[in-house]
Amino acid sequence: MDVFLDFLIAKFNYWIYVILMMIGLFAMIAKNNLIKKLVGMCIFQTAIILFYVSIGVKEDARIPILTGHEVPHGGHYHTEDHERPYIDAKTVTNPIPHVLMLTAIVVGVSTLGMALAIAQKVHLHYDSLEEDEILAKLQLGNND
Amino acid sequence: MIWSFDIIVLIFLVIAAVIALSVRDLLASSMVLGIYSFLICILWAEMGAVDVAFTEAAVGAGVSTVIMIATVFQTTRKSKD
Amino acid sequence: MKPMKLAALLTVIVTGGLLLFATSDLPDWGDPLSPANASDLSTYYIQDSRDVTEVPNLVTAVLADYRGYDTMFETVVIFVAGLGILSILGQGKCEEPLAQPVASEQNRERDMITIITCRLVVPIIQIFALYVIAHGHYSPGGGFQGGVMLGSSFILIALTSGLPDALKRMSQERAIFLAGLGVLIYAGTGLVCMALGRNFLDYEILHKLMGGTGVKARYDSMLIVEIGVAFTVMAIMFIIYAVLSSKGRMRGGL
């Protein structure tokens, strides 16, 4: 039981990231409504961010804001006017995935806004957000 | 990291994602997406990514829900699937 | 539509199965010795970045200093997305007769309580947003978050008092100007570094202009860069809302 629980904890985040990503991908391919497709895109995007953030987690680590009370690693090194102990990198969460994903979220909302603008434009021209109705109207226009 | 909390929130996350995609009312779909964003925001705070959680709370749950609802208001509320 | 759904399901199952199979190779969740966590780069950021920049929040230090190019072009992406939304919907000819929302705009009674409450709340939101921008060196926050909060305070005005009221405070021209100014502040900081004989966005040399040491110059120029990001994000978030909530007509609205 313990072995199974350890295995579950070690991999559960990755399983959920795959499941969420596939839910988003399925919605983007198969859903008929344009807004639903965009909801799928949001879910896909957050799944990727979940993967990155999960990779940067360290057990029993602090958040990546230093307070001056970090666990020293042993040894000191000298800067211009003072000496500081090396921080044990195991005790601070990895900041790199956070940086990458922070900008991705804000860019994500601006691309979502762009997609919604295109959806509104489509609705303005074809008076519908359903893919099949838009396609039918497109074919009607071609026959004329 | 608190693993029990993590697992519970992740399960809620999948439920919220499925609901957001299966509801036929687009307004409800946008609102459930906002709930999804808040859930993933507390998940990130739990994983130690405080900056990402803050951004998600402001952007994902705030602005993107508002612009989604604005679009639903300007177009249509009904969806076939 | 049925065969499409079947094909999608098949694709999703195959891809998902392969990805689930691949998760067995990924390092355990929370493993401090996984390749990503024990890399030299992340160890360097954790151990050395505070001494080089004096910023305790590692995320801000990496975001605004080490990965300055990345953040600058993310800001440019946001700027371009705002311009794109304006050019898709903004100047579209308004052929369709103004639908019911705009007609009801005049005679819709707006609730006094929400308007007054939001008027009281908006300054508090804005002050907190400025705190988030300025205090990003020590606590979670920074240009992106503070900019979004500033933008959402204008969105709140638009939601309660109507879009024209918000556009009186932040017109379309002013928003585009602020968005461009933000990118200019960011890129200008980099160009000043180049003019002083260093690489683009190498802040250390700015101590010749600001005084103090090179470390202090990096600390200060990070704040300048965050302010530039905040300008762009604030203006573009408001533009996105204003365009989308009015179908590009810039009147009416929710």
Side-chain angles (χ1 to χ4, degrees), chain A residues 6 9-15 17-19 21-23 25-26 29-30 32 54-61 63-68 73 77 79-80 84 86-87 89-92 94-100 102-107 109-111 113-114 116-118 120-121 124 131-132, chain C residues 1 4-5 7-9 11-13 15-16 19-20 23-24 26-34 36-38 41-43 45-47 50-51 56-59 62-63 67 70-71 74 77-78 81-82 84-85 88-89 92 96 138-140 144 148 213 215 233 236-237 240 243-244 247-248:
Chain A
D6 282 349
I9 294 167
K11 301 292 180 202
F12 196 70
N13 271 47
Y14 301 128
W15 295 341
Y17 122 75
V18 172
I19 291 169
M21 200 159 108
M22 288 307 119
I23 290 173
L25 185 64
F26 178 77
I29 300 172
N32 201 20
S54 301
I55 280 214
V57 176
K58 293 177 190 171
E59 212 165 343
D60 299 326
I63 56 171
I65 297 174
L66 305 180
T67 53
H73 189 240
Y77 69 106
T79 54
E80 285 158 24
R84 265 184 179 154
Y86 277 116
I87 298 163
K90 278 189 202 119
T91 58
V92 178
N94 188 357
I96 302 174
H98 303 180
V99 176
L100 299 176
L102 200 148
T103 46
I105 292 174
V106 183
V107 170
V109 77
S110 51
T111 49
M114 193 111 174
L116 289 173
I118 294 172
Q120 286 198 9
K121 196 80 178 171
L124 206 67
E131 214 177 36
D132 50 351
Chain C
M1 277 296 118
M4 187 68 177
K5 246 176 195 160
L9 203 64
T11 318
V12 162
I13 288 172
T15 323
L19 282 170
L20 278 176
T23 53
S24 61
L26 288 171
D28 288 356
W29 183 63
D31 180 9
L33 296 174
S34 70
N37 286 344
L41 186 66
S42 100
T43 312
Y45 285 151
I46 291 167
Q47 288 181 341
R50 185 174 45 170
D51 291 292
N57 187 350
L58 300 175
V59 176
V62 179
L63 182 90
R67 297 186 63 86
D70 185 16
T71 313
E74 303 271 10
V77 166
I78 294 167
I85 289 167
I88 288 170
L89 267 181
E96 111 183 296
Y138 295 95
S139 61
F144 285 108
V148 170
T213 58
V215 174
V233 173
I236 296 300
M237 287 302 147
I240 290 176
V243 171
L244 287 180
K247 241 179 180 178

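The analysis underlying the following values was restricted to heavy atoms, covering all of them including side chains, and did not include hydrogens, waters or symmetry mates.
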Honestly, the part of Leu116(A) sitting under 4.5 Å from a heavy atom of chain C is both
Per-residue tally against chain A (heavy atom, under 4.5 Å) across Ser34(C), Pro27(C), Gly30(C) peaks at Gly30(C)
d(Lys58(A) NZ, Leu33(C) CG) to nearest 0.5 Å is 9.0 Å
Residues at least two apart in sequence or cross-chain that pass side chain to side chain contact (heavy atoms under 4.5 Å, CB included) with Thr23(C), listed by chain then number, are Tyr14(A), Trp15(A), Val18(A), Leu26(C)
Assert top hit (heavy-atom pairs under 4.5 Å, partner chain C, pool Ser54(A), Pro95(A), Pro64(A), Ala61(A)) equals Pro64(A)
Would you check if the side chain of Ser42(C) reaches a backbone N or O of Asn37(C) as a donor-acceptor pair within less than 3.5 Å? yes
Check whether Glu74(C) reaches the backbone of Val107(A) with its side chain - one donor and one acceptor, N or O, closer than 3.5 Å.
no
**Message:** Quick check against the 3.5 Å criterion: does Thr91(A) have a side-chain atom that pairs as donor or acceptor with the backbone of Ile87(A)?
**Reply:** no
Interatomic distance, CG@Leu124(A) vs CD1@Ile88(C), rounded to 0.5 Å, equals 12.5 Å
Of His98(A), Lys90(A), Met22(A), the largest count of non-hydrogen pairs under 4.5 angstrom with chain C goes to Met22(A)
Looking only at Thr11(C), Leu20(C), Thr43(C), most heavy-atom pairs under 4.5 Å shared with chain A are made by Leu20(C)
Rounding to 0.5 Å, atoms CG (Leu9(C)) and CD1 (Ile29(A)) come to a distance of 10.0 Å
Sequence neighbours excluded, the answer for side chain to side chain contact (heavy atoms under 4.5 Å, CB included) partners of Asp6(A) is none
Highest number of heavy-atom pairs under 4.5 Å with chain C among Leu25(A), Ile105(A), Val109(A), Val92(A) belongs to Val92(A)
When the 4.5 angstrom heavy-atom criterion is applied to Ile240(C) and chain A, the contacting part is side chain
When the 4.5 angstrom heavy-atom criterion is applied to Tyr17(A) and chain C, the contacting part is side chain
So, the part of Ile13(C) with a heavy atom under 4.5 Å from chain A: the answer is neither
Greatest number of non-hydrogen atom pairs under 4.5 angstrom with chain A, of Pro140(C), Pro56(C), Ser24(C), Gly84(C), falls to Pro56(C)
If only atom types and distance count, is the side chain of Asn57(C) paired as donor or acceptor with the main-chain N or O of Ser139(C) below 3.5 Å? yes
Heaviest contributor of heavy-atom pairs below 4.5 Å to chain A, chosen from Tyr138(C), Trp29(C), Tyr45(C), is Trp29(C)
When the 4.5 angstrom heavy-atom criterion is applied to Ile19(A) and chain C, the contacting part is neither
So, the part of Asp31(C) with a heavy atom under 4.5 Å from chain A: the answer is backbone
